[in-house]
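Worksheet: the structure to be examined is printed underneath.
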Amino acid sequence: MSLQSIKYSRGSLEILDQLLLPVQSKYVAVRGVEDGWKVINKMQVRGAPAIAIVGCLSLAVEIHPEEFGSKKSLRQEVEGKLNYLVSARPTAVNMKIAADELLVLANDLTKDETIDVGEMKQRFLSATEAMLKKDIADNRAIGAHGAKAILQRVAETSGAPAGAGVRVLTHCNTGSLATAGYGTALGVVRQLAELGKLEHVYCTETRPYNQGARLTAYELVHEKFPATLVLDSMVAALLRAKNVAAVVVGADRVAANGDTANKIGTYQIAVVAKHHDVPFYVAAPLTSIDLAIPGGDHIIIEERPDREMTHVGEHRIAAPGINCWNPAFDVTPAALITGIITERGVFKPAELKEAINKLLDS
Ligand SMILES: CSC[C@@H](O)[C@@H](O)C(=O)COP(=O)(O)O
């Protein structure tokens with residue numbers, strides 16, 4: 001069974017505290033929007049899809065016991081609290097897209113004269129809860145599309161015998177812990193394993209917060225996949241030495257031209273992959289794609305506290321007094337990306353905008 005980062009039943013939400021992993025596996029209760037904002041901001045829960053799901057479910061647990069005098073007051077509360085949740089972390093777009101969709105729903109339900117405030121609340125709760133199932137289904141589809149694309153590319157470009165397994169590299173954590181389950185880039189790895197085609201997966205440590213060493217490694221060991229941890233500074237040497245067939249990473253926000261914000265270090269892996277002619281894939285649900293911005297320059301990059309760089313846990317590793325620059329994400333230019341793997345197929349960055357608009361129209 002894969003790890004469960006989010007436990008929800010109507011009126012109750014718990015998250016696996018990712019600050020304590022892998023040493024301690026402990027769930028913490030999220031009793032409403034204030035708790036939701038805090039666990040996202042402190043990174044007790046992280047990963048773009050999980051941020052959006054926990055944010056929205058924190059609103060669901062908050063409004064569940066409340067009585068609303070009118071549909072208008074429910075709508076007002078929903079709008080204010082969604083805006084607040086969006087402010088918890090700025091780079092991942094999933095929470096903003098979820099908030100916009102829920103607000104459209106709240107507006108439609110307010111106008112619908114056939115339903116009362118009780119029915120409006122029920123429908124709103126159901127829509128929020130549907131995110132959990134949809135995310136897992138989307139991730140499974142991403143896994144299937146991504147594994148197929150990687151295997152096809154290997155068959156076309158290498159002399160490897162048909163049916164041979166592949167070695168892949170991933171960065172940060174994009175697995176069950178970062179989503180409702182299965183994972184995005186790690187879902188592709190999972191699918192390769194399910195097909196019997198995963199020869200080996202390498203995961204980076206992912207400094208400074210160590211999502212790779214703490215969380216991805218934890219998931220890979222849990223799944224008993226053939227896996228090896230490398231430091232971020234080893235990627236060039238790894239690609240030179242270990243016959244890696246593809247890099248697959250997640251995304252926090254993909255701009256309309258395919259430029260992709262993801263965990264700091266992703267950009268330099270893409271540069272190194274280009275140099276070694278290793279295909280570089282971004283795996284992301286449509287809820288991570290922001291067609292409203294033309295390119296990566298428009299993405300706000302979150303800067304995190306110096307302490308994440310200067311300390312490991314309580315232990316200081318950097319010289320006291322040194323200045324730090326700690327951007328949590330970087331933007332990989334579209335030109336370095338071979339394909340963007342979504343639940344609806346794999347797209348070249350240049351095709352992305354048109355393909356998604358077509359999907360949305362149909
Ligand atoms: C499916 S998770 C995709 C991204 O959110 C992931 O690659 C990432 O960069 C996570 O950053 P984090 O700072 O841990 O939230």
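Numbering of ligands and ligand atoms starts at 1, following listing order. All heavy atoms count here, side chains included; hydrogens, waters and symmetry mates do not.
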- Query: What residues, two or more places apart in sequence or in another chain, satisfy ring-ring contact (aromatic ring centres under 6.0 Å, His included) together with His145?
  - Reply: none

- Message: With no hydrogens and no angle check, just 3.5 Å: does a side-chain donor-acceptor pair link Ser233 and Arg207?
- Response: no

- Item | Exercise: do Arg214 and Asn173 side chains pair donor with acceptor under 3.5 Å | no

- Residues lining ligand 1 [heavy-atom distance under 4.0 Å, listed by chain and residue number]: Met43, Arg46, Gly47, Ala48, Pro49, Arg89, Cys172, Asn173, Thr174, Ala178, Thr179, Thr184, Gln211, Ala251, Asp252, Asn262, Lys263, Phe329

- Item | Minimum side-chain heavy-atom gap Thr128-Leu102 below 4.5 Å | yes

- Just one of Gln211, Gln44, Arg46 clears the side-chain hydrogen bond (donor to acceptor under 3.5 Å, both in side chains) bar with Gln18, so which one? Arg46

- Message: Does the Lys NZ or Arg CZ of Lys242 fall within the cation-pi geometry relative to Tyr202 - under 6.0 Å from the ring centre and within 45° of the axis?
- Response: no

